[in-house]
J.: 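Sharing a structure with you now.
Values below: all heavy atoms of this structure, side chains included; hydrogens, waters and symmetry mates excluded.
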Amino acid sequence: QVQLVESGGGLVQAGGSLRLSCAASGRSFSMYHMGWFRQAQGKEREFVAAISQSGGSTDYTNSVKGRFTISRDNGKNTVYLQMNSLKPEDTGVYYCAAKYAGYYSGSHSAGPSWYGYWGQGTQVTVSS
């Protein structure tokens, strides 16, 4: 079992940057594939980015490619989401998610139901 705690959200102007962190408690963090999702007010939760256990594979939704970078530090039990060139449409609650072991693929990692563990979320607001 793993518990996830996100941090790093806040209010930023368009064009600015934020780095989100997701700290995982428990052992065997390196056995988990990790993902970031976001949910804007009144909308469904959507996939943002994912990273495999070792960090060797990453995937992004098209709207954030070239602007966001997902990474992980297995020694610190933490996954990060570096967000640059932020836009107002990036506003929402950002959630960290974890999937224990199994085969990693881009198609699987984009689906919320693939993940078994979720954090409480951190608010990101981008003003125009």
Side-chain angles (χ1 to χ4, degrees):
Q1 187 132 0
V2 65
Q3 292 184 325
L4 306 172
V5 179
E6 302 95 335
S7 62
L11 174 64
V12 64
Q13 288 188 333
S17 298
L18 284 174
R19 188 176 83 154
L20 305 184
S21 298
C22 173
S25 64
R27 295 177 290 182
S28 304
F29 175 71
S30 62
M31 292 296 294
Y32 291 86
H33 306 297
M34 302 297 295
W36 285 98
F37 287 74
R38 65 188 179 189
Q39 187 167 19
Q41 193 169 7
K43 295 188 177 181
E44 292 187 354
R45 192 169 299 189
E46 67 170 349
F47 170 73
V48 176
I51 189 167
S52 61
Q53 294 163 317
S54 67
S57 296
T58 57
D59 289 276
Y60 300 89
T61 191
N62 286 339
S63 63
V64 309
K65 285 180 180 177
R67 301 189 297 122
F68 290 11
T69 302
I70 188 171
S71 62
R72 66 189 296 161
D73 185 337
N74 286 345
K76 295 182 178 180
N77 285 11
T78 302
V79 63
Y80 304 98
L81 185 67
Q82 178 66 45
M83 306 186 295
N84 299 328
S85 302
L86 283 161
K87 304 175 180 180
E89 52 263 42
D90 294 317
T91 294
V93 179
Y94 282 68
Y95 297 91
C96 174
K99 157 69 176 177
Y100 181 76
Y103 176 72
Y104 177 91
S105 73
S107 57
H108 289 157
S109 68
S113 62
W114 191 62
Y115 297 86
Y117 304 94
W118 292 85
Q120 293 300 306
T122 186
Q123 176 71 45
V124 171
T125 304
V126 185
S127 63
S128 58

J.: Less than 4.5 Å apart, any side-chain heavy atom of Phe29 and any of Met34?
T.: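 Yes, close enough: below the 4.5 Å cut-off.
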
J.: Where is the tightest heavy-atom contact between Asn74 and Ser30, given as atom of each residue plus distance?
T.: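 Distance-wise, the nearest heavy atoms are ND2-CB, 3.6 Å.
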
J.: Give the minimum heavy-atom separation between Trp118 and Pro112, together with the two atoms involved.
T.: CZ2-O, 3.5 Å

J.: Taking a hydrophobic cluster as the set of Ile, Leu, Val, Met, Phe, Trp and Tyr residues connected by side-chain heavy atoms closer than 4.5 Å, whether directly or through intermediates, do Trp114 and Met31 fall within one such cluster?
T.: no

J.: Which heavy atom of Ser52 sits nearest a heavy atom of His33, and at what distance?
T.: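 Smallest interatomic distance, heavy atoms only, reads CA-ND1, 3.5 Å.
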
J.: Can any side-chain N or O of Tyr60 pair as donor or acceptor with the backbone N or O of Ile70 at less than 3.5 Å?
T.: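 Indeed, once roles are kept as given, a pair shorter than 3.5 Å links the two residues.
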
J.: Evaluate the ring planes of Tyr94 and Phe68, with Trp represented by its six-membered ring, and classify them as parallel (under 30°), tilted (30 to 60°) or perpendicular (over 60°).
T.: tilted

J.: Transitively linked via ILVMFWY side-chain contacts under 4.5 Å: Val64 with Leu86?
T.: yes

J.: Using the test salt bridge (charged side-chain N to carboxylate O under 4.0 Å, His left out), find all partners of Arg19 that sit at least two apart in sequence or belong to another chain.
T.: none

J.: Only pairs under 3.5 Å count here: list side-chain donor-acceptor contacts from residues 3-17, not counting sequence neighbours, and write none if there are none.
T.:
unit_1, atom_1, unit_2, atom_2, d
Glu6, OE1, Gln120, N, 3.1
Glu6, OE1, Gly121, N, 2.9
Glu6, OE2, Cys96, N, 2.8
Glu6, OE2, Gly121, N, 3.2
Ser17, OG, Asn84, OD1, 3.0

J.: Would you say the side chain of Ser109 lies within less than 4.5 Å of the side chain of Tyr115, judging by non-hydrogen atoms?
T.: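 Touching, per the 4.5 Å side-chain cut-off.
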
J.: Could you tell me whether the side chain of Thr91 and the main chain of Val126 form a donor-acceptor pair under 3.5 Å?
T.: yes

J.: Can you sort out the partners of Arg72 under salt bridge (charged side-chain N to carboxylate O under 4.0 Å, His left out), two or more places apart, ordered by chain and number?
T.: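 In terms of salt bridge (charged side-chain N to carboxylate O under 4.0 Å, His left out), with neighbours along the sequence ignored, Arg72 is linked to no residue.
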
J.: How far apart are the closest heavy atoms of Arg67 and Ser63, and which atoms are they?
T.: NH2-O, 2.9 Å

J.: Let me confirm one number: the CD-CD distance from Glu46 to Gln39, rounded to the nearest 0.5 Å.
T.: 9.5 Å

J.: With a 4.5 Å heavy-atom cut-off, do Tyr104 and Asp59 have their side chains touching?
T.: yes

J.: Check the hydrophobic clustering (I, L, V, M, F, W, Y; side-chain heavy atoms under 4.5 Å; chains of links allowed) and say if Tyr80 and Phe37 are grouped together.
T.: no

J.: Report whether Tyr117 and Tyr95 are members of the same hydrophobic cluster (ILVMFWY, side-chain heavy atoms less than 4.5 Å apart, transitive linking).
T.: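 Tyr117 and Tyr95: separate clusters.
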
J.: Please report the shortest heavy-atom distance between Tyr32 and Ser28, naming the atom on each side.
T.: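 Distance-wise, the nearest heavy atoms are CD1-O, 3.2 Å.
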
J.: Which pair of non-hydrogen atoms, one from Val2 and one from Ala98, has the smallest distance, and what is that distance?
T.: CG1-CB, 4.1 Å

J.: So do Val124 and Met83 actually touch side chain to side chain, heavy atoms under 4.5 Å?
T.: yes

J.: Flag the pair Leu81 / Val79 as yes when at least one side-chain heavy-atom distance between them is below 4.5 Å, and no otherwise.
T.: no

